[in-house]
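Here is the structure we will look at, set down as structure tokens.
Read the numbers this way: they start at 1 and go in the same order the structure lists the ligands and their atoms. These numbers come from the heavy atoms of this one structure, side chains and all, not from hydrogens, waters or symmetry mates. By convention here, the first residue in the shown sequence is residue 1.
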Amino acid sequence: MQQSKVFSIIEKEQKRQNEDIELIASENFVSEDVMKAVGSCLTNKYTEGYPGNRYYGGCVYYDELENYCRQKWQEVFKTDYHVNVQPHSGSSANLAAYMTLLKPGDTILSMSLTNGGHLTHGSSVNFSGKLFNFVFYDVDGNGFIDYEDVARKAREYRPALILAGASAYSRIIDFRRFSDIARSVGAYLMVDMAHIAGLVAGGEHPSPFGLADIISTTTHKTLRGPRGGMVFCRPEYAKKLDSAVFPGTQGGSLMHVIAGKAVAAEEALRPEFKQYIQAVVRNTKAMCGRFIELGYSVVTGGTDNHLFLVDLSKTHPNVSGKLAQDVLCEHGITLNKNCVPNDARGPKETSGVRIGCAAMTTKGYNEKDFIAVADRINEIISAL
Ligand code: PLP
């Protein structure tokens, strides 16, 4: 029998993943065990509902698996918050989180896409911007979250919910300060920790548990699990959250992916994961420091986490983020263009690039390796 064409495409992609230098801050490489779970027979079954309350027969092992997955993630984050592990993605997790606490039309105060937020944090082209009334807080002249502005806008707009969390922000987020502001205006606090969840799990970023009412995340970035999402909430919102996921915004769950999430949780509980996350932070600081030594402008002047943003407009005004992304890709270095604060170029061109070190740290890169990659990127960009 002829083998599907698909496998020859997968082989080519596997070669690309083996050979390229992967610096996209939202990506990582999962373990063989996560891969095995996601590629298992669990893809064959409908399991609508929750453990003990399914709409289909034959779910006994799925009940055991979903309960185990939930329990392991509570252990990872040392929390008694309720967790729903069914969201298919970070975007689905955010939709369910909003629908747990809000009604369409309610006001949400968040960070805009151009300042480092995510599409689902109120972009007009996304469901979030169409369903809810988003208002945005700013970053200051150096690219740091302007907490005074958060407080001022909270008083001015009286949002029902304040959202902390970002896709392209390289500094520690002060969840306590966000929580104090939210409490002062009677708003819920939501944290989208998609990017930094691995750092929270590994003790390299302060935890939002105990401060936020609801916490969403992806599982495939620094957490190094399969592609997917999860939502945690204070126990009193558990029923509302579960109904917001199913039947509110999703149908059948992806149990093969939930199996992969459970394996990732087991891995995150091992001491090696903590060492991995410490290495990610160390490597990111080293690479970012090298760019600064080479004269590049880095948004906020540094990094506290797994990523940083290089503003090319200061050193290479003729090189857009898009051009840098395309040319580096031809040289086997994968990263993505990114707006910098007050970017003169639009989001399709941009004046910056976002660089993340989580994936190559998984491949065993150390500080010296990342410094060498920074030098190589400098050579390529400077030749343009
Ligand atoms: N939230 C944040 C902060 C993100 O960075 C992302 C993805 O990059 C998402 C949510 C959405 O995740 P997904 O792409 O799985 O929908």
Worksheet entry | Test side-chain hydrogen bond (donor to acceptor under 3.5 Å, both in side chains) applied to Glu66 and Gln71, Lys261, Arg54, the passing residue | Arg54
Discussion item. Students often mix this up, so state it plainly: with edges at 30° and 60°, are the rings of His205 and Phe175 parallel, tilted or perpendicular?
Written reply: tilted
Worksheet item: Among pairs that include at least one residue of residues 245-274, which meet ring-ring contact (aromatic ring centres under 6.0 Å, His included), considering only residues two or more places apart or in two chains?
Response: Tyr55-Phe246, Phe273-Tyr276
Worksheet entry | Glu19 and Lys15 ion-paired at < 4.0 Å | yes
Fill in: Listed partners of Glu293 passing side chain to side chain donor-acceptor pair (under 3.5 Å), at least two apart
Arg290
Worksheet entry | Atom-level proximity to ligand 1, residues with heavy atom under 4.0 Å | Ser89, Gly90, Ser91, Asn94, His118, Ala166, Ser167, Asp192, Ala194, His195, Thr218, His220, Lys221
Could you give the side-chain donor-acceptor pairs of residues 331-339 under 3.5 Å, partners two or more places apart or in another chain?
residue, atom, partner, partner atom, Å
His331, ND1, Val327, O, 3.0
Asn336, OD1, Arg354, NE, 3.3
Asn336, OD1, Arg354, NH2, 3.3

